[in-house]
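In what follows, a structure is listed as structure tokens, so that the remarks can point back to it.
What you see below is based on every heavy atom in this structure, not just the backbone, and it leaves out hydrogens, waters and symmetry mates.
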Amino acid sequence: MQAIDAYSDDQLLKLITNAKRAGWDVEGDEVEAKVRAAVDERTAHPAPEVVRLTNEIRNTADLMAAFGKQEGYLPYRHLNSYSHTTRERSCISIAHRPTAGNCATSPGRVA
């Protein structure tokens with residue numbers, strides 16, 4: 001659970017940083033202060049097992065391998081390509097534009 005907390009705290013701090021960059025007023029948020037205090041405490045006294053597990057959680061392929069589920073990674077990775085910025089996702093988004101070019105013949109594109 002400590003590794004999940006560590007990973008979740010990192011993700012929340014990234015979200016807060018992105019919100020600030022976008023101009024959202026999140027200064028002085030008490031959640032940020034609590035999360036930063038937890039991160040500071042954890043990094044001041046790092047537990048090797050928590051660090052190892054947190055790093056496994058960061059990498060989905062490693063996490064699935066740790067649980068003996070490597071076969072699940074390929075469908076996961078493929079489905080992620082539809083929600084993250086990839087060539088395939090971009091082609092879906094811009095295909096209707098006349099200046100989009102020919103996504104079907106892009107390098108690496110499987111028709």
Side-chain angles (χ1 to χ4, degrees):
M1 196 62 200
Q2 290 175 337
I4 293 171
D5 285 342
Y7 179 78
S8 298
D9 288 348
D10 290 344
Q11 295 304 306
L12 183 56
L13 290 177
K14 286 179 183 179
L15 178 64
I16 291 169
T17 298
N18 289 341
K20 288 178 180 179
R21 285 184 189 150
W24 290 17
D25 183 16
V26 294
E27 287 300 326
D29 184 84
E30 65 183 57
V31 172
E32 180 182 5
K34 288 178 183 177
V35 170
R36 288 200 185 281
V39 169
D40 289 346
E41 175 65 24
R42 192 169 31 254
T43 54
H45 309 287
E49 185 67 5
V50 173
V51 171
R52 183 186 66 77
L53 289 171
T54 302
N55 289 332
E56 282 184 12
I57 291 170
R58 289 184 206 289
N59 185 310
T60 303
D62 291 346
L63 182 63
M64 294 178 104
F67 286 94
K69 299 294 181 184
Q70 297 90 328
E71 72 278 0
Y73 182 71
L74 292 175
Y76 164 83
R77 183 71 182 251
H78 174 70
L79 293 173
N80 257 357
S81 73
Y82 290 107
S83 62
H84 290 76
T85 306
T86 62
R87 178 178 30 255
E88 289 74 20
R89 177 67 183 120
S90 297
C91 285
I92 291 168
S93 299
I94 65 171
H96 69 280
R97 296 183 185 187
T99 59
N102 189 352
C103 283
T105 59
S106 293
R109 174 85 174 151
V110 178

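- Residue Asp9 holds its CG atom at 11.5 Å from CD of Gln2, rounded to the nearest 0.5 Å.
- Criterion: ILVMFWY side-chain heavy atoms under 4.5 Å apart, direct or through other members. Under it, Leu15 and Trp24 are part of a common hydrophobic cluster.
- Met64 contributes atom CE, which lies 9.0 Å from atom CG of Leu74 (distance to the nearest 0.5 angstrom).
- Taking CG of Leu53 as the reference point, atom CG of Leu63 lies at 9.5 Å (rounded to 0.5 Å).
- No salt bridge links Asp5 with Arg42; every basic N to acidic carboxylate O contact stays at or beyond 4.0 Å.
- Cluster annotation: Met1 is not connected to Val51 through the hydrophobic network of ILVMFWY side chains, with a link wherever side-chain heavy atoms come within less than 4.5 Å.
- Tested against Tyr73, the residues Lys69, Arg77, Gln70 include a single side-chain hydrogen bond (donor to acceptor under 3.5 Å, both in side chains) partner, Arg77.
- A single hydrophobic cluster is not seen to contain both Val50 and Phe67; linkage of ILVMFWY side chains at heavy-atom distances under 4.5 Å, directly or through other members, places them apart.
- Note that CG of Asn59 is 13.0 Å distant from OG1 of Thr54, once rounded to the nearest 0.5 Å.
- Other residues, nucleotides and ligands contribute more than 12 heavy atoms inside 6.0 Å of the CD atom of Glu71.
- The two residues Glu56 and Ala66 make their nearest non-hydrogen contact at OE1-CB, 3.6 Å.
- A chain of hydrophobic side-chain contacts below 4.5 Å, direct or via other Ile, Leu, Val, Met, Phe, Trp or Tyr residues, connects Ile16 to Val39.
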